Structure formats: structure tokens, C-alpha cells
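Keep in mind that this is a model prediction, so the values were computed, not measured. Throughout, a chain's letter reflects where its sequence line sits, starting with A, and its residues are numbered from 1.
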There are 2 protein chains.
Amino acid sequence: MSKIMKSKFRSNCPISSALDVIGDKWSLLIIRDMMFADKKTYSDFSKSAEGIATNILSSRLLMLEQLGIINKGKLEGNKKTNIYSLTQRGQELLPIILEIAQWSDNNLNEHLKDGAKPFVNKFKSNKDDFIKNMYQYFATR
Amino acid sequence: MSKIMKSKFRSNCPISSALDVIGDKWSLLIIRDMMFADKKTYSDFSKSAEGIATNILSSRLLMLEQLGIINKGKLEGNKKTNIYSLTQRGQELLPIILEIAQWSDNNLNEHLKDGAKPFVNKFKSNKDDFIKNMYQYFATR
DNA sequence: GTTATTACTTGCATATTGCAAGTTATTAAT
DNA sequence: ATTAATAACTTGCAATATGCAAGTAATAAC
């Protein structure tokens with residue numbers, strides 16, 4: 001039972017292929033936590049509100065790492081805790097996630113967390129600036 | 001065995017809730033076909049390159065209809081063929097799909113269909129205009 | 001040295017998806 | 001008017017993915 005991804009793409013359509021890679025139930029939520037909640041460690045992710053199972057978390061982190069979406073590293077002086085971080089490729093998922101948030105705000109807003117609304121509004125008012133600022137923020141941590 | 005959706009949201013996070021709704025393996029591909037390939041009927045969708053199983057197609061169309069993302073109708077004089085179309089809510093998924101296409105172009109381009117590249121490039125060059133034109137196009141058909 | 005933490009793995013139950021083969025109601029062809 | 005073909009499904013079962021509870025091994029903290 002190898003952990004190696006099967007890399008089976010359903011077609012050569014770019015949209016379909018992207019969904020083959022990040023279109024599962026959990027990957028984008030892990031990315032979201034890294035982007036907006038500054039989560040970095042296995043136990044950080046396992047504590048998120050949606051309650052990802054640890055076996056799934058483990059397999060997704062490995063998959064995302066193999067895809068070059070996240071990096072796995074350590075802090076000096078600590079051999080226990082793994083620190084996961086977004087690669088460039090992972091950071092570039094930001095616009096997708098923000099558009100999802102906006103759609104949700106427009107169409108499912110009964111489910112919208114109170115704290116998220118100003119965030120989405122700021123994105124709507126100037127998307128390019130908002131994204132640029134977020135990339136800046138990613139770079140400084 | 002009712003076909004009624006379970007409406008179980010994992011959390012009150014807008015991103016998570018949106019993914020609970022459109023984050024499965026097939027929904028966005030059906031939407032993609034409606035947007036870019038002008039597909040409208042059950043058999044149109046069942047013929048797409050990714051090969052969706054008919055039982056899954058059936059359950060997704062019902063779910064998308066119940067969510068107000070698509071409409072199900074008929075043409076006058078034809079009692080057989082169902083015509084599915086995007087609602088406003090469904091059309092608003094366009095920016096998400098385009099950002100996914102762009103990410104794929106930047107990061108998985110070995111899988112990119114030849115024909116898709118100019119399309120993505122045009123989107124990149126002016127996103128707002130591109131989206132506006134697409135909405136216009138949706139309105140005229 | 002004992003206990004707690006971190007990052008997992010394992011086994012098994014449940015849920016979702018995939019595949020092949022029906023079924024029913026129309027519409028088209030002869 | 002039959003017969004055949006098409007459209008939109010449903011059904012049953014296999015395969016895969018996810019969910020849940022419990023372990024385990026290696027640090028790190030006390």
C-alpha cells in the first residue's frame with residue numbers, strides 16, 4: 001500500500017485537471033487555514049472547526065507536498081513539530097479561494113461567519129489590491 | 001431512499017459551506033460544460049470527455065436544481081428532452097471556474113488543452129472585462 | 001523518569017463514486 | 001401502425017474514499 005498518488009487525470013481539460021488535484025473535500029480547507037488562520041502544524045489543522053480525520057489529514061498533506069503546493073519543514077531546535085508552508089504554487093490558489101468566499105457571501109450568506117463579511121467586502125471593493133496585499137503578507141511570515 | 005439533500009454543512013465558514021455545495025468531483029464540470037460548451041441536456045453532459053456516470057449525473061443535476069444553481073425546463077413541442085440552464089446563482093460561479101483555469105494554466109500546464117490557452121490569456125489580460133463579456137454572452141442565449 | 005505532545009498509522013464502518021445493465025416515455029423511421 | 005431509436009433516467013453491485021476510534025513511536029516538558 002504505497003502512498004504514491006495515482007495521478008490519474010480524467011481528461012486534458014485544465015479545469016478538470018485542477019479539480020482532480022484540489023477538488024477533494026479537504027485540500028482547499030487546509031490551504032484556507034494556512035492562508036487565513038496562519039496554521040502550520042499537523043495539530044493546528046486537526047483542530048479546525050470542520051474536524052478533519054487524522055488519516056485524511058495525513059494523506060492530504062502528503063499529496064499537497066508531492067504536488068508542490070506546500071512545503072514540509074522544521075524549526076531549528078525542534079525535531080518533533082513539522083511546519084507546513086505554502087509554496088508559490090499554493091499561494092496562487094488564493095484567488096480561487098477568494099472567489100469561492102465571494103460566491104458564498106452572495107449566495108449562501110445564511111452560512112457566513114460574522115467575522116468574514118468585512119473581509120469579503122474588502123476583497124470585492126478592489127480585488128487586485130486585496131490579493132497583492134495578501135501575497136505581501138504571505139511573504140512576511 | 002429519498003433524493004433530498006442532506007444539507008449538512010461542516011461549519012459556518014463560507015468557504016467550507018461553498019465547498020460542501022459545489023466541492024464535489026462533478027458539479028463544477030457540469031457548470032463548465034454549460035458555460036463554455038453550451039451543453040444543455042442530460043445526454044450532452046453524459047457525453048463529456050470525463051465520462052460522468054449517469055447515476056451521478058442524475059443526482060448532481062437534481063442537487064444543483066434544488067440549490068438554485070440551474071433550472072430544468074423544456075422546449076415547446078418536445079416533451080422528451082430536458083433543457084438545463086444556469087440561474088444567476090449558477091452564472092456567478094464563472095469567476096471561480098476562471099480562476100481555477102488560470103491556476104491550472106500557471107501550474108499544471110502540461111495538462112492544458114491547446115484550445116484553452118488563448119482563452120485563459122484573454123481572461124488574464126483583463127479579468128473584469130472578460131467576465132462582463134461572458135455574462136453578456138450568457139444573457140443572449 | 002514520568003507524563004504530555006506531536007505526528008502519525010491501523011482497522012473497520014459508512015458514504016460516495018464507478019460501471020453495466022435495465023426501464024419508461026417520447027419521438028423518428030418504415 | 002408497428003418498429004426502432006433516443007432521452008432521461010433507475011437499479012444493483014463493485015470499488016474507492018472518507019469517518020471514527022484506537023493505537024504507536026519519537027520527542028519534549030515537568
Side-chain angles (χ1 to χ4, degrees), chain A residues 1-11 16 19-30 33-34 39-66 70-85, chain B residues 1-11 16 19-30 33-34 39-66 70-85:
Chain A
M1 45 283 208
S2 90
K3 284 297 174 45
I4 294 171
M5 298 187 326
K6 281 185 295 183
S7 276
K8 215 191 142 221
F9 289 94
R10 286 174 285 180
S11 76
S16 166
L19 291 172
D20 288 335
V21 157
I22 49 137
D24 69 284
K25 247 184 123 173
W26 292 106
S27 295
L28 281 183
L29 293 186
I30 295 171
D33 284 346
M34 297 179 85
K39 293 189 178 180
K40 309 173 162 59
T41 68
Y42 189 93
S43 59
D44 284 345
F45 301 124
S46 71
K47 282 170 204 147
S48 74
E50 292 83 13
I52 186 170
T54 57
N55 52 348
I56 305 294
L57 174 56
S58 179
S59 74
R60 283 307 165 283
L61 288 172
L62 181 61
M63 188 174 115
L64 291 171
E65 193 193 354
Q66 289 177 337
I70 63 175
N71 277 323
K72 183 180 187 174
K74 303 264 187 196
L75 294 177
E76 54 261 72
N78 185 331
K79 292 179 183 170
K80 187 160 64 162
T81 308
N82 291 322
I83 304 291
Y84 295 95
S85 59
Chain B
M1 43 283 208
S2 89
K3 284 295 175 46
I4 293 169
M5 296 187 328
K6 281 185 295 183
S7 277
K8 220 192 137 219
F9 289 94
R10 285 174 285 182
S11 76
S16 165
L19 291 173
D20 287 335
V21 158
I22 49 134
D24 69 283
K25 246 185 124 177
W26 293 105
S27 294
L28 282 183
L29 293 186
I30 294 171
D33 284 346
M34 297 178 84
K39 292 190 181 182
K40 309 173 163 57
T41 68
Y42 189 93
S43 58
D44 283 345
F45 300 124
S46 72
K47 283 169 204 147
S48 74
E50 293 82 12
I52 186 170
T54 58
N55 53 349
I56 305 294
L57 175 56
S58 180
S59 76
R60 282 307 164 282
L61 287 172
L62 182 62
M63 186 174 120
L64 292 171
E65 192 193 354
Q66 290 177 339
I70 64 176
N71 278 322
K72 183 180 185 172
K74 302 264 188 196
L75 294 178
E76 53 260 72
N78 185 332
K79 292 178 182 169
K80 188 161 63 163
T81 308
N82 292 323
I83 305 291
Y84 296 94
S85 59

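In this structure, Lys39(B) contributes its side chain and Phe45(B) its backbone to no donor-acceptor pair below 3.5 Å. Side-chain atoms of Asn82(B) do not come within 3.5 Å of backbone N or O of Tyr42(B) as any donor-acceptor pair. Between the side chain of Lys40(A) and the backbone N or O of Ile83(A), no donor-acceptor pair lies under 3.5 Å.
Phosphate contact (OP1/OP2 of dT11(D), side-chain N/O of Asn55(B), threshold under 4.0 Å): absent. Contact annotation: Ser43(B) reaches the phosphate of dA8(D) (side-chain N/O to OP1 or OP2, under 4.0 Å). Side-chain nitrogen and oxygen atoms of Ser58(A) include at least one within less than 4.0 Å of the OP1 or OP2 phosphate oxygen of dT9(C). Between Tyr42(A) and the phosphate of dT9(C), there is no side-chain N or O to OP1/OP2 separation shorter than 4.0 Å. At least one side-chain nitrogen or oxygen of Trp26(B) sits closer than 4.0 Å to the OP1 or OP2 atom of dG18(C). Residue Lys25(A) has no polar side-chain atom (N or O) positioned under 4.0 Å from OP1 or OP2 of dT16(C).
Remark: dC8(C) base-pairs with dG23(D); criterion is Watson-Crick or G-U wobble with both hydrogen-bond distances under 3.5 Å.
As judged by a 4.0 angstrom heavy-atom cut-off over every strand, Thr41(A) is placed among residues touching the sugar-phosphate backbone only. Among the atoms of the strands shown, none is found under 4.0 Å from any heavy atom of Arg10(A). Heavy atoms of Phe45(A) sit nowhere under 4.0 angstrom from any nucleic acid atom.
Nearer to the 5' terminus of DNA chain C, by closest-nucleotide assignment, is the contact made by Lys74(A) (compared with the other of Lys80(B) and Lys74(A)).
Judged by atom type and distance alone, Thr54(A) reaches the base of dT9(C) through a side-chain donor-acceptor pair under 3.5 Å.
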